[in-house]
Amino acid sequence: MEYNFKEIEPRWQKEWSRRGTYRVGVDPDRPKYYILDMFPYPSGAGLHVGHPLGYIASDICTRYKRMSGFNVLHPMGFDAFGLPAEQYAIQTGQHPATTTAANIARYREQLDKLGFSYDWDRCVETCDPAYYKWTQWAFIRMFESYYCRDCNQARPIAELLPVFEQQGNEGLNAACTVEMGFTAAEWRAMSEAERADVLMNYRLAYRASTMVNWCEALGTVLANDEVKDGLSERGGHPVEQRRMMQWLLRVSAYAERLLGGLDDLAWSESLKEIQRNWIGKSTGAQMFFDIKGSDQKLEVFTTRPDTIYGVTFMVLAPEHDYLSWLPTAGQRDEVDAYIAASKKRSERERVADTRKVTGVFTGAYAVNPFTGDEIPIYISDYVLAGYGTGAIMAVPGHDSRDWAFARHFGLPIVPVVEGGNVEEASYDAKEGRMINSGIIDGLDVKEAIVRMFDEVEARGLGRRKVNYRLRDAIFSRQRYWGEPIPVYYKDGIPTALPFSALPLELPKVSDFSPSRSGEPPLARVADWSYEGWPLETSTMPGFAGSSAYYLRYMDPTNDGALVSREADEYWRDVDLYVGGIEHATGHLIYSRFWNKFLFDIGEAAEQEPFRKLVNQGMIQGRSNFVYRYLGLNVFVSLHIKEEIDAAGNFEELNVVLRKYGLDPIRSISDGPITSVTSFFNRNSLFSSLHVDVNIVRNDVLDTDAFKKWRPEFADAEFVLEDGKYVCGWGIEKMSKSMYNVVNPDRIVADYGADTLRMYEMFLGPLEASKPWDTNGIDGVHKFLRRFWRLFFASGDFGVSDESPTAAEFKTLHKTIKKVREDIENFSFNTSVAAFMICLNELGLCDKRQILEPLTILLAPFAPHITEELWSRMGHEGSIFDERMPEYAPAHLVESEFEYPVSVNGKLRFKKSLPLGISVAEIEAAVLADENAGRWLEGREPKKMIVVPGKIVNIVI
RNA sequence: GCGGAUAUGGUGUAAUUGGUAGCCACGUCAGACUUAGGAUCUGGUGCCGAAAGGCGUGGGGGUUCGAGUCCCUUUAUCCGCACCA
């Protein structure tokens, strides 16, 4: 009987759903395991064959863990709010709620066909008010918290009121937007609005006027991780810097914990490194320089205080506060002109012009505290306002940017680290001996740094300081399709909604388009107010809804809490998180921040949300090409095209052309060939066109389908090789325009979900990026058909109760061992290979004692076929209630081992010897072998190296 | 510029972690069978060579009895960060 996956797969999917096979709940008697996929944005394009890669891997793990005795939580949901969904809605002219619902339905249908073991009862959608109620709730909790640097955690902001009342903010060590100082008396004298401003300075969710990434085309601000090279990640629109009033999350307060927490996570080193870079910790010193003729001091940040003797000028960012008074009258106009010019430059232009040196002298001088020299103060936009203090001490001898600046303006360059030639280039050394350096002369750089830190602090010139690149996350978007920010303005004072007013539902509007001015769509909603006060009109960014969804899955329908204490303490954290690396600096930072905050306020059980994380690679597209000859409707098969291309001159060319029945080219004026050069540069002989990969099989074009594919090819002619049209191929991004999108639905229809699942795993290591290539899927499909046939040896279903041979047992147990180890190591490609080897070795074995454990072992990979065979073998329950087979070492014992014997490092012969004998016995047996005599030719071995169970080496 | 990763047949890959390089597949070649299927089965298939044999894991060098694996160097590709002081 044939393996009829078309009938088997839908039947079991329905049956699992009916039985609730994959429903899970809190069960204190069993150890928990939480396996999570990054939930998808339900985009309009539907799934392509690359999307399920990670889902398949996590599904295999889930089934495997479940069959190993764990209570496995494995949910799925949809990240439905945010820019992509909204842009798609705008493009198609429909309401985002409508398109999102339709897209979710489509995704769900596609996912269901693949036989995943999700507990769909726990499905969450971020755009569901019952869900985003808890996103808004978390926002309010952040709004009502500040970050205490002494106890290193979030605390209720209400705690600050009595402190301010008694001592002002003196001695308060808390994360804030701007440093401020006030006394208790000043606090008491403040108006309500002024006090609100002070508190806002400390809140973890706060509103402030800051420089933001404004994207006019999208009509919204963007977070740093949503901007790449000065363009928006979505759509690639230009982004400019603008000062705007925005909501932000004080992520920077958690920088040190986000950094430190990485160490214990089972994440790839590269991913941790990306996050470390993003957090960008640098330890240095904050130093104050006297300004000549002023009481003010100029504050800089440096990681290299050891180079202080090489400081020959200072540079301020054009946005620096001091520029209102610092420049001398003579330089005023020039400075103002520079400031105005740099303001106009977009972020993109600044990035593009990194090598151009610009700047203006302010006319003012600072004093080098160690040399006493007066050094000029410049402004330049190579100094960033947002990092450090927006001012630097320039060391042209040892910093390439300072060097370029000094060269351009003719400023002195003093080397202070031995080595290099500062006349030619800066010497950006991190080690070496200090020279020209007063009290640190002769010290090594590393010692000098420490010495200078101490010296600077002792002399009261500054103090050690840690700086982070990580910025607070801008949390408002001037868009429609997101969670409304649960804040209203009472007498103009931002006030959180009471929890009882949550969820603050997103109103249904007909006009949800963004505006170029930055006015959010919600501002156009009549009566967008709370108790008569206007509500905030911006919405939350895409990452808001995905920041704590893993907690919600634990208890998805709870209306009284994000997650119940019971569920949280049982499920705790995600043991295995599978998803793409593209979330490294977005979701995975925000989520960790969000979770740490919830941990601080006692709402999450663990400090870190994702214990182990695996990044599946991207599946690229494999495009096929056809070669159109001379712009005619004639298509030439790949190798003939290559042969024609290889011709070196007209004569050779025409010989080849005649051979294939093509008209010879008589002169260069024939056809579109315009010159000999262009002709032999292969510019004009063939044009290569993308062809739909779905009408190509093993790179052979289905010519009839091609003619029907597009009307202009209806009368196409082909020059075939061996009766076939062979296409060229290349690796590109999977996209509609390349005609290389492979839809999983089609693979499921042709081969079945089990084949697709196993093939995606077989394709290569999970974490590697690789092209999808439908060629080769036959190998896996063949395996499943052969496996099926083992049970139908006589035509009808039947397994024998005959005892297996030792060899059969050995094969089985070898496979069990290998497959189990591979799953634990996330090496699915090799485990699929192990199954194939197993089948090759078993031949035609129909014995129950072999086939039953093998079927169970295969079940996580190919759930449908194994469930079907399991039931045909007469079992009542589901195969997924069975335990994974253990391997029995007894069956794996090898009695003999073939030792490769090398003489002088070169393999000469093999000697079969029992395992477990002593080294001396091996030596004796090898030397006694007649082959050894042949190679030794009577010489005595100088040395013998014996690695028991591996190899024998003889050195003569 | 800084940081990280990768490089193995025609293709995807594997290698007991320093021990016979190329497992398992795809493709391909030869054969069997056949109601001609995109079926099934058997065998070959890294390169050069008639063979013996030689060469072979991006290139060069090193450590070692032995290197795809370790070290140095270099090239290419991919990714992350980037006037971050």
Side-chain angles (χ1 to χ4, degrees), chain A residues 2 228-229 268-278 280-282 284-285 300-304 307 315 317 350-351 353-357 380-384 386-395 398-402 404-405 428 467-469 581-582 584-585 618 622 697-700 702 729 750 759 762-765 767-783 785-786 789 818 821 827 829-840 898-910 941-945 947 949-956:
Chain A
E2 267 305 290
K228 293 257 145 73
D229 300 327
S268 71
E269 258 330 293
S270 61
L271 177 54
K272 287 190 199 179
E273 206 52 39
I274 291 173
Q275 289 215 341
R276 287 192 191 107
N277 284 340
W278 189 258
K281 179 179 182 173
S282 62
V300 301
F301 174 77
T302 179
T303 54
R304 294 293 300 276
T307 59
V315 188
R350 270 176 83 151
V351 169
D353 285 355
T354 51
R355 261 168 253 123
K356 214 195 269 167
V357 178
S380 173
D381 64 6
Y382 85 84
V383 175
L384 303 179
Y387 184 78
T389 61
I392 61 157
M393 53 178 232
V395 187
H398 305 284
D399 182 288
S400 54
R401 295 153 301 170
D402 298 345
F405 196 83
D428 300 13
N467 249 313
Y468 299 94
R469 205 185 70 93
I581 189 91
E582 66 273 16
T585 55
M618 280 255 287
R622 187 180 190 276
R697 194 186 167 85
N698 286 338
D699 292 336
V700 174
D702 179 338
W729 60 275
D750 287 355
Y759 185 56
F762 186 65
L763 222 43
E767 300 185 69
S769 282
K770 58 233 158 193
W772 175 266
D773 182 2
T774 308
N775 305 338
I777 197 168
D778 285 328
V780 169
H781 192 58
K782 210 184 289 180
F783 162 79
R785 277 203 311 260
R786 281 174 63 197
R789 276 207 306 272
K818 175 78 175 145
E821 280 170 3
S827 177
N829 54 330
T830 50
S831 51
V832 173
F835 280 115
M836 294 181 176
I837 296 167
C838 175
L839 215 55
N840 287 346
E898 277 220 324
Y899 281 85
V901 180
S902 79
V903 178
N904 280 352
K906 197 142 245 177
L907 185 78
R908 301 301 185 186
F909 64 95
K910 287 178 190 172
K942 281 191 196 128
K943 188 154 76 159
M944 273 186 83
I945 298 131
V947 184
K950 295 211 164 154
I951 195 162
V952 177
N953 271 283
I954 304 171
V955 185
I956 53 175

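Each chain gets a letter, A, B and so on, in the order the sequences are listed, and its residues count up from 1.
Of the candidates rA25(B), rA85(B), rC41(B), the closest approach to any side-chain atom of R789(A) belongs to rC41(B). Taking only side-chain atoms of T830(A), from C-beta outward, the nucleotide of rC83(B), rA15(B), rG27(B) with the closest atom is rA15(B). Which of rG27(B), rC24(B), rG80(B) sits closest to the side chain of N277(A) comes down to rG80(B). Proximity note for P765(A) (side chain, C-beta onward) versus rA14(B), rC24(B), rU40(B): the nearest is rA14(B). The listed nucleotides are rU40(B), rC24(B), rG27(B); the one nearest the side chain of D778(A) is rG27(B). Among the nucleotides rA85(B), rG4(B), rC81(B), the one closest to any side-chain atom of F301(A) is rA85(B). With rC81(B), rG80(B), rC41(B) as the choices, the nucleotide that has an atom nearest any side-chain atom of R786(A) turns out to be rC41(B). Each of rA85(B), rC24(B), rC81(B) was ranked by its minimum atom distance to the side chain of R469(A); first place goes to rC81(B). When the nucleotides rA85(B), rC41(B), rA25(B) are ranked by their closest atom to the side chain of V383(A), rA85(B) comes out on top. Proximity note for I274(A) (side chain, C-beta onward) versus rA85(B), rG80(B), rA39(B): the nearest is rG80(B).
The gap from the P atom of rC24(B) to that of rA32(B) amounts to 25 Å, rounded to the nearest Å. Atom P of rA76(B) sits at a distance of 46 Å from the matching atom of rU40(B), rounded to the whole Å. Using P as the reference atom, rG4(B) and rG43(B) are 49 Å apart when rounded to the nearest Å. Here the separation of rG44(B) from rC26(B), taken at their P atoms, is 15 Å to the nearest Å. If you take atom C1' in rU57(B) and the same atom in rA51(B), they sit 27 Å apart, rounded to whole Å. Across the P atoms, rA67(B) and rC55(B) are found 13 Å apart, a figure rounded to whole Å. Comparing the same atom, C1', in rA15(B) and in rG68(B) gives a spacing of 9 Å after rounding to whole Å.
When the side-chain nitrogen and oxygen atoms of R276(A) are compared with OP1 and OP2 of rC2(B), none of them lie within a distance under 4.0 Å. Contact annotation: R622(A) side-chain N/O to rG12(B) OP1/OP2 distance is not under 4.0 Å. Look at K782(A) and you won't find any side-chain N or O under 4.0 angstrom from OP1 or OP2 of rA39(B). Side-chain N/O atoms of N829(A) include none lying less than 4.0 angstrom from OP1 or OP2 on rA25(B). The phosphate of rA85(B) has neither OP1 nor OP2 within less than 4.0 Å of any side-chain N or O from Y382(A).
Applying the Watson-Crick and G-U wobble criteria (two distances, each under 3.5 Å), rC65(B) pairs with rG19(B). Applying the Watson-Crick and G-U wobble criteria (two distances, each under 3.5 Å), rG1(B) pairs with rC81(B). When both distances must be under 3.5 Å, the Watson-Crick or G-U wobble mate of rC41(B) is rG31(B). Base pairing analysis places rU8(B) opposite nothing; no Watson-Crick or G-U wobble pair with both distances below 3.5 Å involves it. The pairing partner recorded for rC55(B) is rG46(B), the criterion being a Watson-Crick or G-U wobble arrangement whose two distances lie under 3.5 angstrom.
Here the NZ-CZ distance, from K281(A) to R276(A), works out to 11.5 Å after rounding to the nearest 0.5 Å. One distance of note links CG of D773(A) with CG of D699(A); it measures 7.0 Å at 0.5 Å rounding. Taken to the nearest 0.5 Å, the CZ atom of F835(A) stands 11.0 Å off from the OG1 atom of T830(A).
Residue contacts shown for D402(A) are absent, as no nucleic acid heavy atom lies under 4.0 Å away. N775(A) comes within 4.0 angstrom of sugar-phosphate atoms only, judged by non-hydrogen atoms across all strands, and of no base. At the heavy-atom level, N467(A) lies nowhere under 4.0 Å from the strands shown. Within 4.0 Å of F762(A), counting heavy atoms only, lies at least one base atom of the nucleic acid.
Looking at every heavy atom in both residues, F762(A) comes nearest to N829(A) through O-CB, 3.8 Å.
With its glycosidic angle within 90° of 0, rG37(B) adopts the syn conformation. Shown here, rU73(B) is classed anti by the O4'-C1'-N9-C4 or O4'-C1'-N1-C2 angle, which is more than 90° from 0. For rG12(B), the base adopts the anti conformation, since its glycosidic angle falls more than 90 degrees from zero.
Qualifying side-chain hydrogen bond (donor to acceptor under 3.5 Å, both in side chains) partners for N467(A), counting only residues two or more places apart in sequence or in other chains: none.
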